Amino acid sequence: MPSPSPRGLPVKQYAVQSQLPIYEWPDVGSGEYDVGVVASFGRLLSEALILKFPYGILNVHPSCLPRWRGPAPVIHTVLHGDTVTGVTIMQIRPKRFDVGPILKQETIPVPPKSTAKELEAVLSRLGANMVKFSNILLLFTHLVAPKISAGTSCVKWEEQTSEQIFRLYRAIGNIIPLQTLWMANTIKLLDLVEVNSSVLADPKLTGQALIPGSVIYHKQSQILLVYCKDSWIGVRSVMLKKALTATDFYNGYLHPWYHKNSQAQPSQCRFQTLRLPTKKKQKKTVAM
């Protein structure tokens with residue numbers, strides 16, 4: 001098990017209740033074992049460790065390998081709109097992630113509009129049912145925040161369709177909020193919703209030039225409407241210094257802006273893509 005162990009780690013609770021020996025990673029004890037099992041472990045296992053298990057170490061991977069090898073398979077499943085996913089039981093090989101013989105694989109349909117967190121729960125149950133074990137060393141870890149860059153959360157209004165933005169929200173929204181710019185201020189989009197057909201038929205939306213990022217407050221539904229590459233998305237709440245409902249954001253920011261810029265077109269009041277700085281690699285020079 002990883003160190004430090006969180007109090008609520010289910011596998012540790014089970015081990016304590018069953019009076020099983022527990023070791024904190026990287027200490028795996030000095031005993032002899034039959035087979036090891038890892039799930040969402042996120043660490044490379046050394047060849048010396050693997051050799052401690054005469055029947056090898058199994059990896060419970062939440063995708064249909066070889067698709068979505070690496071640390072964030074569930075996120076990419078949702079992000080790319082996959083309709084089918086599954087769990088793969090494979091044998092661990094040293095030095096590389098998710099490379100080794102596939103021993104068992106089961107597929108399931110992806111529940112429509114499920115978030116990564118919801119799909120993760122479904123796949124964890126499937127993986128548990130696929131693994132049968134006894135007298136083995138467990139190297140399970142809890143589900144942690146996948147390795148994603150902050151730039152992934154930046155909405156690209158000119159490039160992304162409404163469906164792509166909703167996939168992004170379902171994939172990482174519970175881990176890191178989607179981000180954008182408003183009047184040079186970073187704003188986080190906390191609660192996204194789909195826009196129904198009655199709202200889309202509003203003349204205020206159809207009777208103007210549509211520019212990606214354009215933001216309008218829809219009073220009847222009390223949501224912010226933001227135009228993407230192809231259509232609108234709805235936003236119920238945002239974070240700008242503090243959490244604000246769409247109505248709060250309108251009253252505190254949008255309405256004052258319109259009052260100050262009475263001659264401006266609605267499309268001039270818009271969210272813009274946040275461009276985060278990237279780390280530049282230092283060039284190495286060699287004196288000859």
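Keep in mind it's a predicted model, so treat the numbers as computed, not measured. This chain uses plain numbering: 1 for the first residue, then up along the sequence.
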Query raised in the report: In terms of heavy-atom contacts, does CZ of R236 have more than 12 from other residues, nucleotides or ligands at under 6.0 Å?
Result: no
Requested in this report: Determine the sole option in T85, D82, T77 for which the side chain to side chain donor-acceptor pair (under 3.5 Å) test with R67 is passed.
Outcome: D82
Query raised in the report: Can you find a side-chain donor-acceptor pair between Q222 and T245 that sits under 3.5 Å?
Result: no
Query - Stepwise salt bridge (charged side-chain N to carboxylate O under 4.0 Å, His left out) test for R170 and E163 - result: CA-CA 11 Å; R170 294 196 301 269; E163 174 60 26; 3.7 Å; yes
**Report entry** In one Ile/Leu/Val/Met/Phe/Trp/Tyr side-chain cluster, 4.5 Å: V226, M183
**Finding:** yes
**Report entry** Heavy-atom donor-acceptor pair, T180 side chain to Q272 backbone, under 3.5 Å
**Finding:** yes
Query raised in the report: Just by modelled atom types, is the R69 backbone N or O under 3.5 Å from a matching donor or acceptor in the H76 side chain?
Result: no
**Report entry** Over 12 foreign heavy atoms within 6.0 Å of CD, Q19
**Finding:** no
Query raised in the report: At what distance, to the nearest 0.5 angstrom, does OH of Y253 lie from NZ of K241?
Result: 5.0 Å
Query raised in the report: Where the side chain of T88 meets the backbone of L65, is there a donor-acceptor pair that is under 3.5 Å apart?
Result: yes
**Report entry** Flag if over 12 foreign heavy atoms under 6.0 Å of NZ, K156
**Finding:** yes
Query - Donor + acceptor pair across side chains of T247, Y217 (<3.5 Å) - result: yes
Requested in this report: Decide yes or no for Y227 and I211: does some side-chain heavy atom of the first lie under 4.5 Å from some side-chain heavy atom of the second?
Outcome: no
